[in-house]
Amino acid sequence: MKRDITLKVNGIKYNLNIETHRTLVEVLRETLGLTGTKKSCNEGECGTCTVLIDNKPAASCLVLAVEAQGREIITIEGLAEGTKLHPLQEAFVKHMAIQCGFCTPGMVMAAKAFLDENPSPTAAEIRKAISGNLCRCTGYQQIVDAVMAASAALRGEA
Amino acid sequence: MFIRRLPKFEYHTPSTVREAIAIAGKHNGDAKFIAGGTDLLLAMKKREIMPAHLVSLNGIGELRYLTVLANGKPSEEAGGLKIGALTTLAQLLASDAVKKDYAPLWDAVDVMASAQIRSLATIGGNLCSAVPSADTAPPLLAMDASIEIVNHSGKRTIPLNEFFNGPRQTTLGHKEILTHILIPKMDSSSGGCYLKLMRRNAMDLALVAVAVCLKLDETKKVCKEARIALGAVAPTPIRVPEAEAMLAGKKIDEMQITEAAKIAGMQCHPISDIRATLEYRCSMVEVLTKRAIERTLQRIQA
Ligand SMILES: Cc1cc2nc3c(=O)[nH]c(=O)nc-3n(C[C@H](O)[C@H](O)[C@H](O)COP(=O)(O)OP(=O)(O)OC[C@H]3O[C@@H](n4cnc5c(N)ncnc54)[C@H](O)[C@@H]3O)c2cc1C
Ligand code: FES
Ligand code: FES
(Lines give C-alpha, C1' and ligand atoms only; values in the text may rest on other atoms or scores of the structure.)
(Ligands and ions follow the chains in the order given, each with its own letter.)
Protein backbone atom coordinates (compact mmCIF):
# COMPACT_ATOMS: atom_id res chain seq x y z
CA MET A 1 0.00 0.00 0.00
CA LYS A 2 1.67 3.23 -1.14
CA ARG A 3 0.80 6.85 -0.57
CA ASP A 4 1.86 10.18 -1.98
CA ILE A 5 3.12 12.40 0.80
CA THR A 6 5.11 15.57 1.21
CA LEU A 7 7.71 15.54 3.95
CA LYS A 8 9.34 18.75 5.05
CA VAL A 9 12.81 17.95 6.34
CA ASN A 10 15.35 20.62 7.32
CA GLY A 11 13.30 23.18 5.44
CA ILE A 12 13.22 21.20 2.17
CA LYS A 13 9.98 19.71 0.82
CA TYR A 14 10.22 16.19 -0.57
CA ASN A 15 7.38 14.71 -2.62
CA LEU A 16 7.46 11.00 -1.99
CA ASN A 17 5.50 7.91 -2.88
CA ILE A 18 6.09 5.54 0.02
CA GLU A 19 4.72 2.41 1.62
CA THR A 20 2.49 3.27 4.59
CA HIS A 21 4.22 0.81 6.93
CA ARG A 22 7.60 2.53 6.73
CA THR A 23 8.74 4.44 9.79
CA LEU A 24 10.12 7.96 9.63
CA VAL A 25 13.65 6.81 10.47
CA GLU A 26 13.55 4.32 7.58
CA VAL A 27 12.43 6.96 5.10
CA LEU A 28 14.96 9.53 6.34
CA ARG A 29 17.85 7.09 6.05
CA GLU A 30 16.92 4.87 3.15
CA THR A 31 14.87 7.13 0.88
CA LEU A 32 16.28 10.58 1.59
CA GLY A 33 19.82 9.39 2.33
CA LEU A 34 19.90 11.37 5.56
CA THR A 35 21.94 8.80 7.46
CA GLY A 36 22.90 11.13 10.30
CA THR A 37 19.84 9.90 12.20
CA LYS A 38 20.68 6.43 13.51
CA LYS A 39 18.49 3.41 14.12
CA SER A 40 19.49 1.05 16.88
CA CYS A 41 16.91 -0.52 19.19
CA ASN A 42 13.97 0.23 16.88
CA GLU A 43 11.67 0.25 19.93
CA GLY A 44 11.86 3.70 21.48
CA GLU A 45 14.36 2.84 24.20
CA CYS A 46 17.73 4.18 23.03
CA GLY A 47 17.15 7.64 21.53
CA THR A 48 19.60 7.31 18.61
CA CYS A 49 16.77 7.99 16.15
CA THR A 50 15.74 11.27 17.83
CA VAL A 51 14.65 14.01 15.42
CA LEU A 52 12.62 17.15 16.03
CA ILE A 53 9.01 17.15 14.90
CA ASP A 54 7.49 20.63 15.24
CA ASN A 55 10.41 21.45 17.55
CA LYS A 56 9.69 18.54 19.91
CA PRO A 57 12.07 15.58 20.25
CA ALA A 58 10.57 12.38 18.84
CA ALA A 59 11.71 8.78 18.46
CA SER A 60 11.51 8.47 14.68
CA CYS A 61 11.48 4.66 14.88
CA LEU A 62 7.99 4.86 16.42
CA VAL A 63 6.51 7.33 13.93
CA LEU A 64 4.95 6.31 10.65
CA ALA A 65 6.42 8.46 7.87
CA VAL A 66 2.89 9.08 6.59
CA GLU A 67 1.97 10.54 10.00
CA ALA A 68 4.85 13.05 9.78
CA GLN A 69 3.28 14.65 6.73
CA GLY A 70 2.70 18.37 7.15
CA ARG A 71 4.97 18.62 10.18
CA GLU A 72 8.31 20.40 10.45
CA ILE A 73 11.06 17.78 10.73
CA ILE A 74 14.62 18.69 11.72
CA THR A 75 17.43 16.13 11.67
CA ILE A 76 21.06 16.41 12.72
CA GLU A 77 21.88 17.44 9.13
CA GLY A 78 19.73 20.54 9.65
CA LEU A 79 21.73 22.06 12.50
CA ALA A 80 24.98 23.30 10.96
CA GLU A 81 24.89 26.32 8.68
CA GLY A 82 27.16 25.33 5.80
CA THR A 83 30.49 24.51 7.42
CA LYS A 84 29.64 26.41 10.58
CA LEU A 85 28.68 23.96 13.30
CA HIS A 86 25.79 24.60 15.71
CA PRO A 87 27.05 25.65 19.20
CA LEU A 88 25.90 22.25 20.54
CA GLN A 89 27.95 20.42 17.91
CA GLU A 90 30.96 22.62 18.66
CA ALA A 91 30.61 21.96 22.38
CA PHE A 92 30.39 18.18 21.81
CA VAL A 93 33.67 18.30 19.88
CA LYS A 94 35.41 20.59 22.33
CA HIS A 95 34.37 18.61 25.42
CA MET A 96 35.10 15.23 23.82
CA ALA A 97 31.51 14.18 24.32
CA ILE A 98 31.90 11.84 21.33
CA GLN A 99 33.68 8.49 21.32
CA CYS A 100 32.22 6.05 18.80
CA GLY A 101 29.69 8.74 17.88
CA PHE A 102 26.70 6.50 17.39
CA CYS A 103 24.58 8.16 20.07
CA THR A 104 25.73 11.67 19.17
CA PRO A 105 23.11 12.75 16.60
CA GLY A 106 20.28 11.67 18.91
CA MET A 107 21.96 13.26 21.94
CA VAL A 108 22.44 16.54 20.11
CA MET A 109 18.84 16.63 18.89
CA ALA A 110 17.46 15.81 22.36
CA ALA A 111 19.70 18.51 23.84
CA LYS A 112 18.63 21.00 21.16
CA ALA A 113 14.94 20.51 21.96
CA PHE A 114 15.69 20.78 25.66
CA LEU A 115 17.76 23.98 25.46
CA ASP A 116 15.10 25.60 23.28
CA GLU A 117 12.72 25.13 26.22
CA ASN A 118 15.14 25.64 29.08
CA PRO A 119 18.05 27.94 28.09
CA SER A 120 19.61 28.02 31.59
CA PRO A 121 19.51 24.45 32.88
CA THR A 122 21.17 22.81 35.87
CA ALA A 123 23.28 19.68 35.41
CA ALA A 124 20.48 17.63 37.00
CA GLU A 125 17.97 18.98 34.49
CA ILE A 126 20.32 18.12 31.63
CA ARG A 127 20.70 14.56 32.92
CA LYS A 128 16.95 14.19 33.06
CA ALA A 129 16.51 15.66 29.58
CA ILE A 130 18.88 13.11 28.02
CA SER A 131 17.60 10.16 30.06
CA GLY A 132 15.99 8.74 26.91
CA ASN A 133 19.36 8.62 25.11
CA LEU A 134 21.76 5.77 25.78
CA CYS A 135 25.51 6.17 25.39
CA ARG A 136 27.69 3.08 25.73
CA CYS A 137 31.00 4.96 25.60
CA THR A 138 31.36 8.28 27.34
CA GLY A 139 29.82 7.72 30.75
CA TYR A 140 27.68 10.81 30.05
CA GLN A 141 29.76 13.33 32.05
CA GLN A 142 31.35 14.89 28.96
CA ILE A 143 27.95 15.07 27.31
CA VAL A 144 26.46 16.91 30.28
CA ASP A 145 29.49 19.25 30.26
CA ALA A 146 29.03 19.89 26.54
CA VAL A 147 25.33 20.68 26.87
CA MET A 148 26.09 23.00 29.78
CA ALA A 149 28.80 24.80 27.75
CA ALA A 150 26.49 25.04 24.73
CA SER A 151 23.75 26.58 26.84
CA ALA A 152 26.17 29.30 27.92
CA ALA A 153 27.30 29.84 24.33
CA LEU A 154 23.71 30.06 23.13
CA ARG A 155 22.98 32.64 25.82
CA GLY A 156 25.94 34.60 24.48
CA GLU A 157 27.99 34.09 27.63
CA ALA A 158 30.93 32.15 26.26
CA MET B 1 15.76 -9.15 20.92
CA PHE B 2 15.95 -8.06 17.29
CA ILE B 3 12.99 -5.84 16.47
CA ARG B 4 11.75 -6.22 12.92
CA ARG B 5 10.22 -3.75 10.50
CA LEU B 6 6.50 -3.16 10.57
CA PRO B 7 4.21 -5.62 8.83
CA LYS B 8 2.07 -4.21 6.01
CA PHE B 9 -1.34 -2.68 6.56
CA GLU B 10 -3.81 -0.38 4.91
CA TYR B 11 -3.75 3.15 6.38
CA HIS B 12 -6.84 5.33 6.86
CA THR B 13 -7.02 9.03 7.74
CA PRO B 14 -10.50 9.99 8.93
CA SER B 15 -11.08 13.57 10.02
CA THR B 16 -13.95 12.98 12.44
CA VAL B 17 -14.71 10.50 15.22
CA ARG B 18 -17.82 9.34 13.38
CA GLU B 19 -15.83 8.62 10.21
CA ALA B 20 -13.16 6.74 12.19
CA ILE B 21 -15.79 4.51 13.79
CA ALA B 22 -17.39 3.83 10.40
CA ILE B 23 -14.06 2.70 8.93
CA ALA B 24 -13.33 0.45 11.91
CA GLY B 25 -16.86 -0.97 11.58
CA LYS B 26 -16.35 -1.81 7.92
CA HIS B 27 -13.22 -3.84 8.67
CA ASN B 28 -14.82 -5.62 11.58
CA GLY B 29 -12.17 -6.70 14.05
CA ASP B 30 -9.29 -6.34 11.61
CA ALA B 31 -8.72 -2.64 12.18
CA LYS B 32 -6.88 -0.82 14.97
CA PHE B 33 -6.94 2.84 15.89
CA ILE B 34 -3.54 4.48 16.08
CA ALA B 35 -2.87 7.48 18.34
CA GLY B 36 0.78 8.08 19.28
CA GLY B 37 1.67 4.58 18.14
CA THR B 38 4.24 4.02 20.89
CA ASP B 39 2.50 0.88 22.14
CA LEU B 40 0.79 -0.20 18.95
CA LEU B 41 3.68 0.04 16.47
CA LEU B 42 5.96 -1.79 18.88
CA ALA B 43 3.43 -4.62 19.31
CA MET B 44 3.18 -4.81 15.50
CA LYS B 45 6.96 -4.89 15.03
CA LYS B 46 7.05 -7.78 17.50
CA ARG B 47 4.21 -9.45 15.53
CA GLU B 48 2.08 -9.61 18.67
CA ILE B 49 -0.72 -8.12 16.62
CA MET B 50 -1.00 -7.67 12.86
CA PRO B 51 -4.07 -5.60 12.01
CA ALA B 52 -4.83 -5.34 8.29
CA HIS B 53 -6.03 -1.76 8.76
CA LEU B 54 -4.76 1.15 10.83
CA VAL B 55 -7.20 3.99 11.40
CA SER B 56 -5.31 7.13 12.39
CA LEU B 57 -6.89 9.32 15.06
CA ASN B 58 -4.25 12.00 14.53
CA GLY B 59 -6.21 13.99 11.97
CA ILE B 60 -9.14 14.39 14.36
CA GLY B 61 -8.67 17.85 15.88
CA GLU B 62 -11.60 17.45 18.28
CA LEU B 63 -9.63 14.84 20.26
CA ARG B 64 -6.55 16.93 20.99
CA TYR B 65 -7.36 19.57 23.58
CA LEU B 66 -7.04 20.38 27.23
CA THR B 67 -9.76 22.55 28.71
CA VAL B 68 -10.28 23.83 32.20
CA LEU B 69 -14.04 23.76 32.62
CA ALA B 70 -15.74 26.81 34.00
CA ASN B 71 -18.50 26.39 36.54
CA GLY B 72 -22.05 26.68 35.41
CA LYS B 73 -22.68 24.21 32.62
CA PRO B 74 -25.43 21.79 33.66
CA SER B 75 -23.57 18.53 33.00
CA GLU B 76 -20.23 19.92 34.05
CA GLU B 77 -21.44 22.07 36.91
CA ALA B 78 -18.69 21.31 39.36
CA GLY B 79 -15.98 22.34 36.92
CA GLY B 80 -12.86 20.31 36.36
CA LEU B 81 -10.44 19.39 33.62
CA LYS B 82 -11.46 17.89 30.29
CA ILE B 83 -8.65 16.16 28.44
CA GLY B 84 -9.04 15.04 24.85
CA ALA B 85 -7.84 11.46 24.41
CA LEU B 86 -5.17 12.50 21.90
CA THR B 87 -3.52 14.97 24.25
CA THR B 88 0.13 13.98 24.50
CA LEU B 89 2.02 13.37 27.72
CA ALA B 90 4.28 16.29 26.73
CA GLN B 91 1.28 18.62 26.54
CA LEU B 92 0.14 17.52 30.00
CA LEU B 93 3.63 18.04 31.40
CA ALA B 94 3.73 21.57 29.95
CA SER B 95 0.33 22.51 31.36
CA ASP B 96 0.35 24.84 34.38
CA ALA B 97 -3.25 23.88 35.17
CA VAL B 98 -2.30 20.20 35.41
CA LYS B 99 0.76 20.94 37.52
CA LYS B 100 -1.07 23.23 39.91
CA ASP B 101 -4.56 21.78 40.23
CA TYR B 102 -4.25 18.14 39.16
CA ALA B 103 -0.85 17.40 40.66
CA PRO B 104 -1.09 13.58 40.84
CA LEU B 105 -1.42 13.43 37.03
CA TRP B 106 1.48 15.84 36.58
CA ASP B 107 3.61 13.74 38.96
CA ALA B 108 2.87 10.74 36.74
CA VAL B 109 3.69 12.25 33.34
CA ASP B 110 6.86 13.75 34.81
CA VAL B 111 8.25 10.24 35.41
CA MET B 112 6.90 8.57 32.26
CA ALA B 113 9.15 7.35 29.45
CA SER B 114 11.43 10.02 27.93
CA ALA B 115 11.01 13.35 26.18
CA GLN B 116 11.12 11.68 22.75
CA ILE B 117 8.31 9.29 23.74
CA ARG B 118 6.21 11.83 25.68
CA SER B 119 5.87 14.05 22.62
CA LEU B 120 4.23 11.12 20.78
CA ALA B 121 2.41 9.12 23.47
CA THR B 122 -1.17 10.09 24.31
CA ILE B 123 -3.13 9.80 27.53
CA GLY B 124 -5.92 7.94 25.71
CA GLY B 125 -3.44 5.42 24.36
CA ASN B 126 -2.02 4.87 27.82
CA LEU B 127 -5.48 4.03 29.22
CA CYS B 128 -6.57 1.93 26.23
CA SER B 129 -3.39 -0.17 26.30
CA ALA B 130 -4.45 -0.98 29.88
CA VAL B 131 -1.23 -2.53 31.14
CA PRO B 132 -1.21 -2.95 34.94
CA SER B 133 1.64 -0.41 35.21
CA ALA B 134 0.02 2.31 33.05
CA ASP B 135 1.17 5.43 34.84
CA THR B 136 -1.76 7.74 34.15
CA ALA B 137 -4.30 5.25 35.58
CA PRO B 138 -3.66 5.46 39.35
CA PRO B 139 -3.71 9.28 39.50
CA LEU B 140 -6.87 9.40 37.40
CA LEU B 141 -8.51 6.74 39.59
CA ALA B 142 -7.50 8.62 42.73
CA MET B 143 -8.93 11.84 41.30
CA ASP B 144 -12.17 10.00 40.49
CA ALA B 145 -11.95 10.65 36.75
CA SER B 146 -14.55 9.49 34.26
CA ILE B 147 -14.20 8.84 30.55
CA GLU B 148 -16.40 9.29 27.53
CA ILE B 149 -16.66 6.50 24.98
CA VAL B 150 -18.26 6.94 21.57
CA ASN B 151 -19.56 4.26 19.19
CA HIS B 152 -21.76 4.23 16.10
CA SER B 153 -24.99 4.49 18.09
CA GLY B 154 -24.02 7.14 20.65
CA LYS B 155 -21.85 7.85 23.63
CA ARG B 156 -21.57 6.89 27.28
CA THR B 157 -19.69 8.29 30.22
CA ILE B 158 -18.36 5.84 32.78
CA PRO B 159 -16.17 6.11 35.85
CA LEU B 160 -12.61 5.11 34.94
CA ASN B 161 -12.96 2.56 37.73
CA GLU B 162 -15.26 0.51 35.46
CA PHE B 163 -12.95 0.60 32.43
CA PHE B 164 -10.25 -1.96 33.16
CA ASN B 165 -11.05 -5.70 32.90
CA GLY B 166 -7.64 -7.34 33.10
CA PRO B 167 -4.11 -7.02 31.77
CA ARG B 168 -4.48 -5.28 28.37
CA GLN B 169 -8.25 -5.69 28.59
CA THR B 170 -10.87 -2.97 28.84
CA THR B 171 -14.61 -2.62 28.35
CA LEU B 172 -13.88 -0.78 25.08
CA GLY B 173 -15.24 -2.52 21.97
CA HIS B 174 -13.02 -2.56 18.88
CA LYS B 175 -15.28 -0.09 17.10
CA GLU B 176 -15.36 2.32 20.03
CA ILE B 177 -13.25 5.41 20.65
CA LEU B 178 -12.24 6.92 23.96
CA THR B 179 -12.85 10.61 23.28
CA HIS B 180 -12.01 12.37 26.52
CA ILE B 181 -11.22 12.17 30.20
CA LEU B 182 -12.98 14.31 32.77
CA ILE B 183 -11.39 15.08 36.15
CA PRO B 184 -13.54 16.76 38.80
CA LYS B 185 -12.15 19.93 40.26
CA MET B 186 -10.31 19.72 43.56
CA ASP B 187 -10.90 22.54 46.06
CA SER B 188 -8.27 24.20 48.25
CA SER B 189 -8.75 21.67 51.05
CA SER B 190 -8.01 18.79 48.66
CA GLY B 191 -4.84 17.50 47.11
CA GLY B 192 -2.88 14.45 46.11
CA CYS B 193 0.28 12.96 44.73
CA TYR B 194 1.67 10.03 42.74
CA LEU B 195 4.76 8.04 43.65
CA LYS B 196 6.39 5.52 41.30
CA LEU B 197 9.10 3.06 42.22
CA MET B 198 11.50 2.23 39.35
CA ARG B 199 14.86 0.51 38.98
CA ARG B 200 16.30 3.67 37.48
CA ASN B 201 15.17 7.28 37.64
CA ALA B 202 13.71 7.41 34.14
CA MET B 203 12.63 5.23 31.23
CA ASP B 204 11.32 2.38 33.32
CA LEU B 205 7.94 0.89 34.04
CA ALA B 206 6.67 1.04 37.60
CA LEU B 207 7.58 -1.80 39.94
CA VAL B 208 4.95 -0.36 42.25
CA ALA B 209 3.01 2.89 42.02
CA VAL B 210 0.69 4.67 44.45
CA ALA B 211 -1.64 7.63 43.95
CA VAL B 212 -3.39 9.33 46.85
CA CYS B 213 -6.09 12.01 46.93
CA LEU B 214 -7.45 13.46 50.15
CA LYS B 215 -10.12 16.00 50.95
CA LEU B 216 -9.77 17.60 54.38
CA ASP B 217 -12.20 19.73 56.37
CA GLU B 218 -11.78 23.48 56.94
CA THR B 219 -9.38 22.91 59.83
CA LYS B 220 -7.24 20.79 57.48
CA LYS B 221 -6.96 18.14 60.19
CA VAL B 222 -9.90 15.83 59.61
CA CYS B 223 -10.12 13.77 56.43
CA LYS B 224 -13.49 13.94 54.71
CA GLU B 225 -12.72 11.78 51.68
CA ALA B 226 -9.80 9.56 50.76
CA ARG B 227 -8.98 7.75 47.54
CA ILE B 228 -5.94 5.52 47.11
CA ALA B 229 -5.07 3.80 43.83
CA LEU B 230 -2.27 1.35 43.08
CA GLY B 231 -0.45 0.50 39.85
CA ALA B 232 1.55 -2.59 38.81
CA VAL B 233 0.39 -4.72 41.74
CA ALA B 234 -2.76 -6.38 40.36
CA PRO B 235 -4.09 -7.46 36.92
CA THR B 236 -5.42 -3.90 36.53
CA PRO B 237 -4.77 -0.57 38.24
CA ILE B 238 -6.93 -0.75 41.41
CA ARG B 239 -8.48 1.30 44.20
CA VAL B 240 -8.07 0.04 47.77
CA PRO B 241 -11.33 0.94 49.57
CA GLU B 242 -10.31 -0.83 52.79
CA ALA B 243 -7.27 1.42 53.15
CA GLU B 244 -9.32 4.50 52.19
CA ALA B 245 -11.81 3.66 54.97
CA MET B 246 -9.00 3.94 57.53
CA LEU B 247 -8.71 7.64 56.69
CA ALA B 248 -12.15 8.86 55.62
CA GLY B 249 -14.07 10.66 58.37
CA LYS B 250 -11.13 10.57 60.77
CA LYS B 251 -8.65 12.95 62.26
CA ILE B 252 -5.47 11.91 60.52
CA ASP B 253 -2.51 11.06 62.68
CA GLU B 254 0.61 8.92 62.40
CA MET B 255 -1.21 5.78 63.56
CA GLN B 256 -4.03 6.18 61.06
CA ILE B 257 -1.55 6.65 58.21
CA THR B 258 0.53 3.62 59.22
CA GLU B 259 -2.60 1.50 59.46
CA ALA B 260 -3.93 2.60 56.05
CA ALA B 261 -0.56 1.89 54.46
CA LYS B 262 -0.43 -1.57 56.04
CA ILE B 263 -3.87 -2.41 54.68
CA ALA B 264 -2.91 -1.21 51.19
CA GLY B 265 0.10 -3.55 51.34
CA MET B 266 -2.21 -6.45 52.22
CA GLN B 267 -4.95 -5.65 49.71
CA CYS B 268 -2.75 -5.64 46.61
CA HIS B 269 -2.11 -8.89 44.75
CA PRO B 270 1.02 -8.50 42.65
CA ILE B 271 2.97 -11.19 40.82
CA SER B 272 6.62 -12.12 41.13
CA ASP B 273 8.49 -11.52 37.91
CA ILE B 274 11.96 -10.78 36.62
CA ARG B 275 11.74 -7.22 37.94
CA ALA B 276 10.59 -7.82 41.53
CA THR B 277 9.11 -10.44 43.84
CA LEU B 278 5.59 -10.43 45.19
CA GLU B 279 6.84 -9.90 48.74
CA TYR B 280 8.98 -6.91 47.76
CA ARG B 281 6.12 -5.31 45.87
CA CYS B 282 3.72 -5.67 48.85
CA SER B 283 6.26 -4.12 51.23
CA MET B 284 6.88 -1.28 48.84
CA VAL B 285 3.15 -0.60 48.48
CA GLU B 286 3.06 -0.12 52.24
CA VAL B 287 6.09 2.20 52.21
CA LEU B 288 4.94 4.26 49.23
CA THR B 289 1.36 4.56 50.49
CA LYS B 290 2.60 6.00 53.77
CA ARG B 291 4.86 8.44 51.95
CA ALA B 292 2.14 9.43 49.48
CA ILE B 293 -0.35 10.20 52.27
CA GLU B 294 2.26 12.25 54.12
CA ARG B 295 3.24 14.18 51.00
CA THR B 296 -0.43 14.82 50.19
CA LEU B 297 -1.02 16.25 53.67
CA GLN B 298 2.05 18.46 53.29
CA ARG B 299 0.77 19.73 49.98
CA ILE B 300 -2.70 20.54 51.29
CA GLN B 301 -1.46 22.10 54.52
CA ALA B 302 1.28 24.14 52.81
C1 LIG C 1 10.39 3.51 25.38
C2 LIG C 1 9.02 3.51 25.96
C3 LIG C 1 8.84 3.90 27.28
C4 LIG C 1 7.56 3.89 27.86
N5 LIG C 1 7.41 4.28 29.15
C6 LIG C 1 6.19 4.26 29.73
C7 LIG C 1 6.02 4.64 31.09
O8 LIG C 1 6.97 5.05 31.78
N9 LIG C 1 4.77 4.53 31.63
C10 LIG C 1 3.70 4.11 30.91
O11 LIG C 1 2.59 4.04 31.46
N12 LIG C 1 3.83 3.76 29.61
C13 LIG C 1 5.04 3.82 29.02
N14 LIG C 1 5.18 3.44 27.69
C15 LIG C 1 4.01 2.94 26.96
C16 LIG C 1 3.33 3.98 26.03
O17 LIG C 1 4.21 4.97 25.61
C18 LIG C 1 2.13 4.63 26.69
O19 LIG C 1 1.23 3.64 27.11
C20 LIG C 1 1.43 5.61 25.74
O21 LIG C 1 0.69 6.55 26.51
C22 LIG C 1 0.52 4.97 24.73
O23 LIG C 1 -0.12 5.98 23.97
P24 LIG C 1 -0.08 6.02 22.37
O25 LIG C 1 -0.80 7.26 21.98
O26 LIG C 1 1.29 5.87 21.87
O27 LIG C 1 -0.95 4.73 22.05
P28 LIG C 1 -1.04 3.85 20.71
O29 LIG C 1 0.15 2.97 20.64
O30 LIG C 1 -1.34 4.70 19.55
O31 LIG C 1 -2.34 2.99 21.09
C32 LIG C 1 -2.34 2.05 22.12
C33 LIG C 1 -3.62 1.21 22.04
O34 LIG C 1 -4.76 1.98 22.39
C35 LIG C 1 -5.67 2.09 21.31
N36 LIG C 1 -6.13 3.48 21.32
C37 LIG C 1 -5.33 4.59 21.40
N38 LIG C 1 -6.08 5.70 21.52
C39 LIG C 1 -7.38 5.30 21.50
C40 LIG C 1 -8.64 5.99 21.60
N41 LIG C 1 -8.69 7.33 21.75
N42 LIG C 1 -9.79 5.27 21.53
C43 LIG C 1 -9.73 3.93 21.40
N44 LIG C 1 -8.58 3.22 21.31
C45 LIG C 1 -7.42 3.89 21.36
C46 LIG C 1 -4.92 1.66 20.09
O47 LIG C 1 -5.76 1.05 19.13
C48 LIG C 1 -3.91 0.67 20.66
O49 LIG C 1 -4.50 -0.58 20.80
C50 LIG C 1 6.45 3.47 27.09
C51 LIG C 1 6.63 3.10 25.75
C52 LIG C 1 7.89 3.12 25.18
C53 LIG C 1 8.06 2.73 23.74
S1 FES D 1 16.06 3.38 17.39
FE2 FES D 1 14.46 4.66 17.99
S3 FES D 1 14.75 4.82 20.10
FE4 FES D 1 16.22 3.33 19.57
S1 FES E 1 29.78 7.82 21.98
FE2 FES E 1 29.53 5.73 21.64
S3 FES E 1 27.47 5.43 22.24
FE4 FES E 1 27.84 7.44 22.87
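Order of the sequence lines sets the chain letters (A, B, ...), proteins ahead of strands, with each chain counted from 1.
- Most heavy-atom pairs under 4.5 Å with chain B: of the set A:Glu26, A:Lys128, A:Lys56, this distinction falls to A:Glu26.
- A 6.0 Å sphere centred on CD of B:Glu48 holds more than 12 heavy atoms belonging to other residues, nucleotides or ligands.
- Between A:Val63 and B:Gln116 the shortest side-chain heavy-atom distance does not fall below 4.5 Å.
- When all heavy atoms are compared, the tightest approach of B:Leu120 to A:Ala59 is CD1-O, 3.8 Å.
- Counting only heavy atoms from C-beta outward, the side chains of B:Asn201 and A:Arg127 never approach each other to under 4.5 Å.
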Steps toward side-chain contact (heavy atoms from CB on, under 4.5 Å) verdict (B:Ile34, A:Leu64) = CA-CA 10 Å; B:Ile34 174 167; A:Leu64 294 176; 4.1 Å; yes

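- Highest contact tally toward chain A, considering only B:Ser56, B:Ala202, B:Gly37, is held by B:Ser56 [criterion: heavy-atom pairs under 4.5 Å].
- Taking the side chain as every heavy atom from C-beta outward, B:Lys45 and A:Leu62 approach each other to under 4.5 Å.
- Using a 4.5 Å cut-off between heavy atoms, B:Arg118 does not touch chain A at all.
- Atom CG of A:Asn55 sits in a sparse spot, with 12 or fewer heavy atoms from other residues, nucleotides or ligands closer than 6.0 Å.
- Residue B:Tyr11 comes nearest to A:Glu67 through the heavy atom pair OH-OE2, 2.6 Å, listed as atom of the first residue, atom of the second, then distance.
- B:Asp39 does not touch chain A: none of its heavy atoms, backbone or side chain, sits under 4.5 Å away.
- Rounded to the nearest 0.5 angstrom, B:Leu42 CG and A:Glu45 CD are separated by 8.0 Å.
- Taken from CD1 in B:Ile3 to NZ in A:Lys39, the straight-line distance is 10.5 Å, to the nearest 0.5 Å.
- Of the inter-residue distances, the one linking A:Ser131 atom OG with B:Asp204 atom CG reads 11.5 Å to the nearest 0.5 angstrom.
- A side-chain donor-acceptor contact under 3.5 Å links B:Ser119 to the backbone of A:Pro57.
- Side-chain contact between A:Met1 and B:Lys8 is absent, with no heavy-atom pair separated by less than 4.5 Å.
- Residue B:Arg64 qualifies as enclosed at atom CZ: its count of foreign heavy atoms under 6.0 Å is above 12.
- Counting non-hydrogen atoms of neighbouring residues, nucleotides and ligands closer than 6.0 angstrom, the CZ atom of B:Arg275 exceeds 12 such neighbours.
- For A:Cys61, the parts lying under 4.5 angstrom from a heavy atom of chain B are both the backbone and the side chain.
- Put simply, CG on B:Leu41 and NE2 on A:His21 are 12.0 Å apart, with the number rounded to the nearest 0.5 Å.
- Annotation for B:Arg4: atom CZ does not count as buried by contact number, only 12 or fewer foreign heavy atoms lying within 6.0 Å.
- By the 4.5 Å heavy-atom criterion applied to side chains, A:Thr20 and B:Leu54 are not counted as neighbours.
- Other residues, nucleotides and ligands contribute at most 12 non-hydrogen atoms within 6.0 Å of the CZ atom of B:Arg295.
- A salt bridge links B:Arg5 with A:Glu30: the distance from a Lys NZ or Arg NE/NH1/NH2 to an Asp or Glu carboxylate oxygen falls below 4.0 Å.
- Dense packing is recorded around NZ of A:Lys38, with more than 12 heavy atoms of other residues, nucleotides or ligands lying under 6.0 Å away.
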